[in-house]
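Encoded as structure tokens, the structure appears first; notes follow it.
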Amino acid sequence: MPELPEVETVRLTLRPAVGATIGGVWTSGQPLRLNRPIPTAALRRALVGRRITELRRFGKYLLVDTDGPRSLLVHLGMTGRLRIHRAADERALHTHVVLRFEDGRELRYSDPRRFGQVDLARRGAERDHPSLAVLGLDPLTERLDGAYLHDRARGKSASLKAFLMDQGIVAGVGNIYASEALWRAKLRPTARLPRLTRERADALARGIRDALRHALAKGGTSLRDFVDADGVAGENADYLLVYGREGAPCRRCRTLIRRSVIQGRATFFCPRCQVL
DNA sequence: ATCACGACCTGGAGGC
DNA sequence: TGCCTCCAGGTCGTGA
């Protein structure tokens, strides 16, 4: 579900949690991604009594820093939500982690499909965490340009779309924004990396940055599940340029948008103006 | 090493 | 109404 703009939207709307002191930790006992148990005891040891100091994002991962040495690491998977509630509010089905604050609020993580991840990372050494160590460049906080993409494409033969969705190359781009970025760059999702010239890589870098920034400005894309930390849906679904528009006219050339499947994921493109 | 596929899991939508 | 199939913002293990 959530790609970089959605995770960043959650981070921004979660800011009222900064300053809160964690009084208790509850977990559902159900495992998340890869059948991995939530490390309840370790979460309690690391977080109870600590004050939340900062919220950071690396690609699609969110870090909740505390005044202790450990940060809470969260990945939302496809259906994960992180929301602030009053403690008295009824708990949603599929709630898996609750941080009780001493001021009567709670930070709750829910995730029906349990594709997400909840763990601890060492503050200051968070990039040593195996999930963060493998991430490529974050287009919002680091300089993403054509030189970088062109260099990382060397020796590879995958499709442009698979390349974009590889978190080790660009951290934060997922299925929606891969299609959006390629449409903006006028590049065919099925095109192979050897044809990514430096000039095309420049266009692609620009397409990625623009797709993500515009989506973030609309509070992210809510196709079905996504809401921010206050439960508010994003508005970017109304502004998508190509994703989900199969059979509708291309916004540039009016040719009908086509849908195909690349690596098992729905992919949308204009067969006329995405020439490469 | 790289690449593409299937599996993981639940729920909503649409067809019959 | 109910039951079926298909689909979904992600990632990882597998086998070619």
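Because the structure is predicted, anything quoted here is derived from the model rather than measured. Just so it is clear: chains get the letters A, B, ... in the order the sequence lines come, proteins before strands, and each one is counted from 1.
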Can a side chain N or O of Lys60(A) be found less than 4.0 Å away from OP1 or OP2 on dT11(C)?
yes
Any Arg192(A) side-chain N or O less than 4.0 Å from OP1/OP2 of dA4(B):
yes
Could you give the CG-to-C1' distance, from Asn35(A) to dA7(B), as a whole number of Å?
12 Å
Closer than 4.0 Å, any side-chain N/O of Arg33(A) to the OP1 or OP2 of dC12(C)?
yes
When rounded to the nearest Å, what value does the distance between P atoms of dT11(C) and dG12(B) take?
23 Å
Side-chain N or O of Arg265(A) less than 4.0 angstrom from OP1 or OP2 on dG10(C)?
yes
Return the nearest nucleotide to the side chain of Glu3(A); candidates are dA4(B), dG10(C), dA8(C).
dG10(C)
Any side-chain donor near an acceptor of the partner, Asn236(A) and His214(A), under 3.5 Å
no
Base of dC8(B) and ring of Phe115(A) stacked, centres under 5.5 Å, planes under 30°
yes
Under 4.0 Å between a side-chain N or O of Gln167(A) and OP1 or OP2 of dT11(C)?
yes
For DNA chain C, what is the dot-bracket line, given that a base pair needs Watson-Crick (N1 to N3, plus N6-O4 or O6-N4) or G-U wobble (N1-O2 and O6-N3) geometry with both distances under 3.5 Å, and | means paired with another strand?
.|||||||.|||||||
For Asn175(A) and dA4(B), what is the distance between atoms CG and C1' respectively, to the nearest whole Å?
15 Å
What's in the same ILVMFWY side-chain cluster as Tyr239(A), cut-off under 4.5 Å, chained through other members?
none
With nearest nucleotides of DNA chain B determined for Arg224(A) and Ala162(A) from heavy-atom distances, which residue corresponds to the more 5′ nucleotide?
Ala162(A)
Phosphate contact (dT10(B) OP1 or OP2) by Arg114(A) side-chain N/O below 4.0 Å
yes
According to a strict under-4.0 Å criterion, is Thr79(A) in side-chain N/O contact with OP1 or OP2 of dA8(C)?
no
Does the side chain of His94(A) get closer than 4.0 angstrom to OP1 or OP2 of dG11(B) through an N or O atom?
yes
Pick the P atom in dC9(B) and in dT14(C), then give their distance to the nearest Å.
15 Å
